[in-house]
Amino acid sequence: MAFGLRVTPSRAQTYQAQYRKGGRARRVSTGRHGKITVDEARKLAKEVMGHVARSENPAEDRIGKARAKYRLT
C-alpha cells in the first residue's frame, strides 16, 4: 500500500491510496487537500486497505457506481 499526495498541473492537490489488485496498480482518491487534513486522509486510506484485505476492489466499485448512474433501463 502507498499513500500520497497527487498534484495536478493546475495545482489541485488530492490525497490518494494506491494498491495492487489482479497484477495492476489501482488508485483511490481519499479527498482534496484543504477540505480534509492529512490525518483524516490517512485514516480513509486505511479503510480502503481494509476493503482490499477483504478481497474487495474499491476502485472498481466506484467505477461501477458511476457507470450505473448513466445506464438505461
Side-chain angles (χ1 to χ4, degrees):
M1 185 214 35
F3 172 74
L5 181 70
R6 177 178 183 227
V7 181
T8 64
S10 65
R11 297 190 178 158
Q13 300 171 349
T14 308
Y15 296 108
Q16 293 189 334
Q18 181 174 329
Y19 62 95
R20 294 190 70 79
K21 186 79 172 179
R24 294 181 59 193
R26 305 287 184 163
R27 290 187 190 98
V28 176
S29 174
T30 57
R32 296 214 35 184
H33 176 69
K35 292 193 177 203
I36 65 172
T37 65
V38 175
D39 293 329
E40 292 171 328
R42 191 173 289 124
K43 181 180 175 185
L44 291 171
K46 287 180 183 181
E47 289 178 17
V48 168
M49 292 305 115
H51 289 285
V52 172
R54 289 189 298 270
S55 297
E56 298 173 12
N57 194 345
E60 288 294 324
D61 294 343
R62 287 185 180 193
I63 291 169
K65 287 179 185 176
R67 286 183 181 160
K69 182 178 176 181
Y70 297 105
R71 280 193 194 128
L72 298 175
T73 55

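Side chains are part of it too, since the values below use all heavy atoms of this structure and drop only hydrogens, waters and symmetry mates.
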Of all the heavy-atom pairs spanning Q16 and S29, show the shortest one and how long it is.
CG-CA, 4.1 Å
What pair of heavy atoms forms the shortest contact from A17 to M49, and how long is it?
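Minimum heavy-atom separation between A17 and M49: CB-CE, 4.0 Å.
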About how many Å separate [atom2] of [Y] and [atom1] of [X], when rounded to the nearest 0.5 Å?
X: K43; Y: T37; atom1: NZ; atom2: OG1; answer: 10.0 Å
X: H33; Y: R6; atom1: NE2; atom2: CZ; answer: 16.0 Å
X: F3; Y: T30; atom1: CZ; atom2: OG1; answer: 5.0 Å
X: R32; Y: Q13; atom1: CZ; atom2: CD; answer: 8.5 Å

Kindly work out whether a path of hydrophobic side-chain contacts (I/L/V/M/F/W/Y, heavy atoms less than 4.5 Å apart) joins I36 to V7.
yes
Going only through I, L, V, M, F, W and Y residues with side-chain contacts under 4.5 Å, is there a path from V28 to Y15?
no
List in chain and number order the residues that pass side-chain contact (heavy atoms from CB on, under 4.5 Å) with R54, two or more places apart in sequence or in another chain; answer none if no residue qualifies.
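Testing R54 for side-chain contact (heavy atoms from CB on, under 4.5 Å), a comparison that skips the adjacent residues, returns H51, E56.
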More than 12 foreign heavy atoms under 6.0 Å from NZ of K21: is that the case here?
yes
